[in-house]
Structure formats: structure tokens, C-alpha cells
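This report concerns only the one structure given below.
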Amino acid sequence: MFPPFSTGAGKYHYPSHTIGIGFHMRIPIQEVTPGVERAEITGFVHELRDLGGLSFLLIRDRTGIIQVTIPKKKVPEAVLSAVREVSRESVVRVAGTVKAIEKAPGGRELIPETFEIISLAMSPLPLDVVEKVPAELDTRLDSRFLDARRPRVAAVFQIRNACMQAVYEHLFSAGFIQITTPKVVAAATEGGTELFPIAYFEKEAFLNQSPQLYKQMMMGAGFERVFEIGPIFRAEEHNTTKHLNEATSIDVEVSYADHHQVMELLEEIVIAAYRKVDTTCRPFLDLLEIQEFQVPSSPFPRLPYDEAIGIADRKIEEPIKYGDDIGTAAEKAIGEEMGSHYFIVDWPTAIKPYYAMPYQDDPTVCKAFDLMHPRMELSSGSERVHQYDLLVRQIQSKGLNPESFSFYLTPFCYGMPPHSGWGLGAERLVMTMLGLSNIREAVLFPRDRHRLVP
RNA sequence: GCCCAGGUAGUGUAGCGGCCUAUCAUGUCGGCCUGUCACGCCGACGACUCGGAUUCGAAUUCCGACCUGGGCGCCA
């Protein structure tokens, strides 16, 4: 049986052990408090400080760091020889007595009776885990496994995990069904973005840019509320701090809901993610030196597209007019004006995908929305076209061929509930939440224009 | 795809025609040190992306390749 959760009071809750034979005595470093008498810990050698008759080693596991103090005259010879041999970032097991002592970090230290090198690390290290010397992102990504040993890097992924947990909890409790849809597809589904072609036996295939068409088909299947959290692929040759060629999309589709209702859902989910991080990730926020963590409040302002253009036109040099896409400069200018999360609503039909539902009284405007953070777009969504004839006309008006979409269009002929949905970029959510300067910081193994390994 | 800036020890940097047998920090190795906590002190080790050109002389200038960062465009 996998061990239960421990309850380190006031701290982050990590699963306690026993993982694997021989490690049943191990306790997480966080739980070695001044009150404990004896402890066996396993972890990485974080730092070595030899003062002569006295040595200090810092041992790190994912819960924290503890000082192992070695008074050379008072510990067994076997401990001394192991300590002489050990290198930074080696994996070790240390067992001994715990001493409560003011001057040690965390108010306690471990005096070893046994010291075992489980896995010796080579030297020199590809980067400095202790962060005395910085490393460039490129160097860090080349050795991501080591980079992720740095508590501050791990903190980002703990926070990302908390966000995703909040999203799942919210969606499951609202009765959503999680689905998985193909990532290998036959045709360019939506137009617009470039796709990665791949070889699929004797056929040409692509990596999917979005689960859009599939989640809509599940509305046709009567699932009513579906979500998928998975990878999406874009073959754009962009080279920026906010684009990835492989990203994680949180995709949602809801039957019998209009765009207003799914905007409310989106708002709730973003706030739930912030709230989860606020209430459970304090130690990680501290590591990242984020003192003031603001949970955004609802409702987010709904800014009509034409007003957004007006703001941009007043604030930026380059001319912008109704019908234009909102470029980087405009996005920034509007973001400054709005100051917090906001929606841009009522977009021109011409610059949104064919599946966005036009208003009946003015079909040049559609029921599409973008969720914006002042720094960038986080999500886009819409009420969808559920009428077969209108959908075919819209596909044609985008210069696409309806015949290549027949698998998608057929369900619209056999009773399609009205529906709405959105896709939210997980990395962008984390990036904007934590003020990360580069989206690659929010992905373990980013795929960008130049990086395919690791 | 366009534009700009770069590529110097394991890592992060200084140097930008001769003062370079290349700076500093960190690291590693050796020595001293019993309360460090970025331990300290002494010593050593370790690098100019590659190819071509200019020049008496190139880390430094020029050309090309490769690689990197950033901005823009494009982008559910």
C-alpha cells in the first residue's frame, strides 16, 4: 500500500514514506523538527563545509534542507571516510541523533551514526544547484533535471500542480467529464496556424493544434460538459518569451450554455487556481519572493472589442483600426489601462474562427471573447455555431473547404445542442500568476523553435 | 520569416588590435582551521564556437557557418 499523507502542521503537505524496501525508516526532512530524537534521512548533498575538526553538510530532499554536523572526533570512522569521499549532489542516506540547537538552520541538526553514499555525483556539475553562480536559461534547460533540484525552480512546478489540481476539482465538482482526443489528426482543422506534419504509415498526418473540433463533437454526443487538459502543437516559427510550440491547453465545452455563462466559468476557474495557490503554496511563494499574492476578484471587466481598439488607438504610435488584430503593442497598452484580468468581448466575426457564433442582429460581430491578463492573452472562447448551414457558410467564407471537415460537420446534421467553450493556456496562467519573465520557466521540457532535446 | 544583440574555464563574467603566458567570482584538487550557514585563509587546476580573410601582430576587425538571447510579425 502506498503510504498516507503526513500532516506537517502549517506547512505544505507532502506524502510521507515508506517508498521502497530499505527506505522504510526514512522521514521527510521537513518532519525532522527539534523535538525529534532520531532520524534517518535520504536526499541530495546540497553543500559541504569542512572547518577542520568539524564538518557541516546540508542535505536536501523535496521537503527541505537539514544540516548534518560531523564532529570528527566523535563519529565512527566509516562516517568520516564516506564524508571525505562524497561530492555535492550525491544521494546519501544519513541516520543518527537529532540535536535541538539554536545556531543550526531550522533549529536542529543531525549527528550521524551511519552515512551511506547511495549514488555518487560526478564533478563538476553542469550547473550550480546552490545558485551561488547564476546559469542562463539555455544552460538550465540542457540540464533540466539538475535545474529542477533548485528549490526555487521546483516551487514553480509545485505551484503549477496546485493550479491544475484546482482546475480539476472545479470541473469535476461542476459535473464535467474528462475526455481525451487524438493528437494525431488527418487534416488542418481550423486553418490559421501552421501544423507539424508527421508520417502516419502511408498517410500524411499532423499534430493537432487544438481539441476544438473533437470537444464540439462530444456536444453532439450528448456529453453536455466535457474538458480536456492536454498538449497542443503549433508549428509557428516564433521566437518570443510567451510562445511554445508544444503547450498545455485546458479545454472546456458546455452544452446549453451561452458565451456569458462560459466566461463566468472561466473566471471562477482562474480565481480557484489563484485561491488554491494562495492557501496551499505559501512556502513556494516565499521561495519565489512573492510577498503580495493577489487573488483576482470577479467579475472581470467585459471590454468590447471596439472600445479596446479605441484605448489602443489613443495610447500607441502605430495606427490601429476596427477590424485589426490586437498586436503586441496594443495588447500592452490596453493591459496597462485595465490593470488586472479582463475580457475582450464582441469581436469582429472576420478575425475570429468560423465556429464563433455571430450575433443575430449584427452578424459582423460575434459572441467570442478573449480572457486577458495585463501582460498577455490567457484564453479565448466563444459561443459556437451549432447550425449546420451557417457553419458551412462560415467555413467557406474563411476560404476553407467544408469537405475536409465532414467528420466534424456530420454531427451538426443529427441534432446538435447549442454550446460554448474556451481553451486556457496552462503555462500562460502560471507565468502571469508568478510574474515569470519567460514562459519556458513554466514548462519542464519546453519545445520551442530550436529546442527538441531533452 | 524580419530586425537587433551575443557566443571567453563546469557555471556566470571582464577584456574588444600589441599592455593577454586572458580578469574576477564560483567550482574542483591540495594545505590550515571545532559552530559554519554564500564559512575564512594559502596554493594549484581549468576557457577565447568553428572555418576562412585582413594585419608584422587577432579573443578583439571583416566574411561565412553553427549556436544562443531579445524585439517584431505570425499565432486556439
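Note that these values count all heavy atoms, side chains included, but never hydrogens, waters or copies made by symmetry. Note on naming: letters A, B, ... go to the chains in the order of the sequence lines (proteins, then strands), and numbering restarts at 1 for each one. Just so it is clear, the structure is predicted and the values come from calculations on it, not from any experiment.
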message: Determine whether the aromatic ring centres of residues A/H259 and A/F343 are separated by less than 6.0 angstrom.
response: no
- line: Checking N1-N3 plus N6-O4 or O6-N4 for Watson-Crick, or N1-O2 and O6-N3 for wobble, each under 3.5 Å, the partner of B/rG35 is none
query: OP1 or OP2 of B/rG12 sitting under 4.0 Å from any side-chain N/O of A/T139?
result: yes
- request: Look at all strands and tell whether A/S55 reaches a base, only sugar-phosphate, or nothing, counting heavy atoms closer than 4.0 Å.
  value: nothing
- request: With heavy atoms under 4.0 Å as the rule, sort A/D251 into base, sugar-phosphate or nothing.
  value: nothing
message: Looking at A/T328, I'd like to know whether one of its side-chain N or O atoms comes within less than 4.0 Å of OP1 or OP2 on B/rG73.
response: yes
- prompt: Contact class for A/A329 vs. all strands (heavy atom < 4.0 Å): base, sugar-phosphate, or nothing?
  reply: nothing
message: Please confirm whether the shortest side-chain N or O distance from A/K132 to OP1 or OP2 of B/rG27 is below 4.0 Å.
response: yes
- line: Answer for the Watson-Crick or wobble partner of B/rG69, both distances under 3.5 Å, is B/rC4
message: Can you tell me the base-pairing partner of B/rA14? Count Watson-Crick or G-U wobble geometry only, both distances below 3.5 Å, and say none if there is no partner.
response: none
- prompt: Are A/E267 and A/S298 linked by a side-chain donor-acceptor pair shorter than 3.5 Å?
  reply: no
statement: A/F56 has its side chain closest, among B/rA76, B/rU26, B/rG35, to B/rG35
query: Taking N and O atoms by type only, does the side chain of A/E136 place a donor or acceptor under 3.5 Å from a partner on the base of B/rU11?
result: no
- line: Re B/rG43: Watson-Crick or G-U wobble partner, both distances kept under 3.5 Å, found to be B/rC29
- request: Any strand is fair game: report the nucleotide pairing with B/rA22 by Watson-Crick or G-U wobble, both distances under 3.5 Å, or none.
  value: none
task: Return no unless some side-chain N or O of A/T240 is found under 4.0 Å from OP1 or OP2 of B/rG71.
output: no
- prompt: Counting only distance, no hydrogens or angles, is the base of B/rG35 paired donor-acceptor with the side chain of A/E102 under 3.5 Å?
  reply: no
Side-chain (A/R451) to main-chain (A/D138) donor-acceptor, under 3.5 angstrom: yes
task: Give the nucleotide from the list B/rU11, B/rA76, B/rC37 with an atom nearest to the side chain of A/Q67.
output: B/rC37
field: Side-chain donor/acceptor of A/E253 to backbone N/O of A/M219, under 3.5 Å
entry: no
query: When you measure from the side chain of A/T69, which nucleotide among B/rU26, B/rG35, B/rC75 comes out closest?
result: B/rG35
field: Pairing partner of B/rC74 (Watson-Crick or G-U wobble, both distances under 3.5 Å)
entry: none
task: When you get a sec, tell me which of B/rA76, B/rC74, B/rG12 is the closest nucleotide to the side chain of A/E236?
output: B/rC74
message: Check whether A/T349 reaches the backbone of A/P363 with its side chain - one donor and one acceptor, N or O, closer than 3.5 Å.
response: yes
- request: State which of B/rG35, B/rC75, B/rU68 makes the closest approach to the side chain of A/D138.
  value: B/rU68
- request: Would you mind classifying the nucleic acid contact of A/K242 as base, sugar-phosphate or nothing, using non-hydrogen atoms under 4.0 angstrom?
  value: nothing
- line: By nearest-heavy-atom nucleotide on RNA chain B, the more 5' of A/T248 and A/D128 is A/D128
message: Given 3.5 Å as the limit, does a donor-acceptor pair link the side chain of A/K332 with the main chain of A/M376, or not?
response: no
- request: Please work out if A/K72 contacts a base, only the sugar-phosphate, or nothing of the nucleic acid, heavy-atom cut-off 4.0 Å.
  value: nothing
query: So which nucleotide from B/rU26, B/rG35, B/rC75 ends up closest to the side chain of A/H238?
result: B/rC75
Sugar-phosphate only, base, or nothing, as touched by A/L58 at under 4.0 Å among non-hydrogen atoms: nothing
query: Between B/rU68 and A/H450, is there an OP1 or OP2 to side-chain N/O distance shorter than 4.0 Å?
result: yes
message: Of the listed nucleotides (B/rU28, B/rA25, B/rU36), which one gets closest to any side-chain atom of A/R88?
response: B/rU28
query: Across the strands shown, which category fits A/P126 at heavy-atom distances under 4.0 angstrom: base, sugar-phosphate, nothing?
result: sugar-phosphate
query: Does A/H243 get its side chain close enough to the base of B/rC75, under 3.5 Å, for a donor-acceptor pair?
result: yes
- request: Using both distances under 3.5 Å as the test, list the Watson-Crick or G-U wobble partner of B/rU61, or none.
  value: B/rA53
task: Identify whether any heavy atom of A/I232 sits under 4.0 Å from a base atom; if not, whether one sits that close to sugar-phosphate; answer base, sugar-phosphate or nothing.
output: base
Any side-chain donor near an acceptor of the partner, A/E268 and A/H170, under 3.5 Å: yes
message: Does B/rG70 have OP1 or OP2 under 4.0 Å away from a side-chain N or O of A/N438?
response: yes
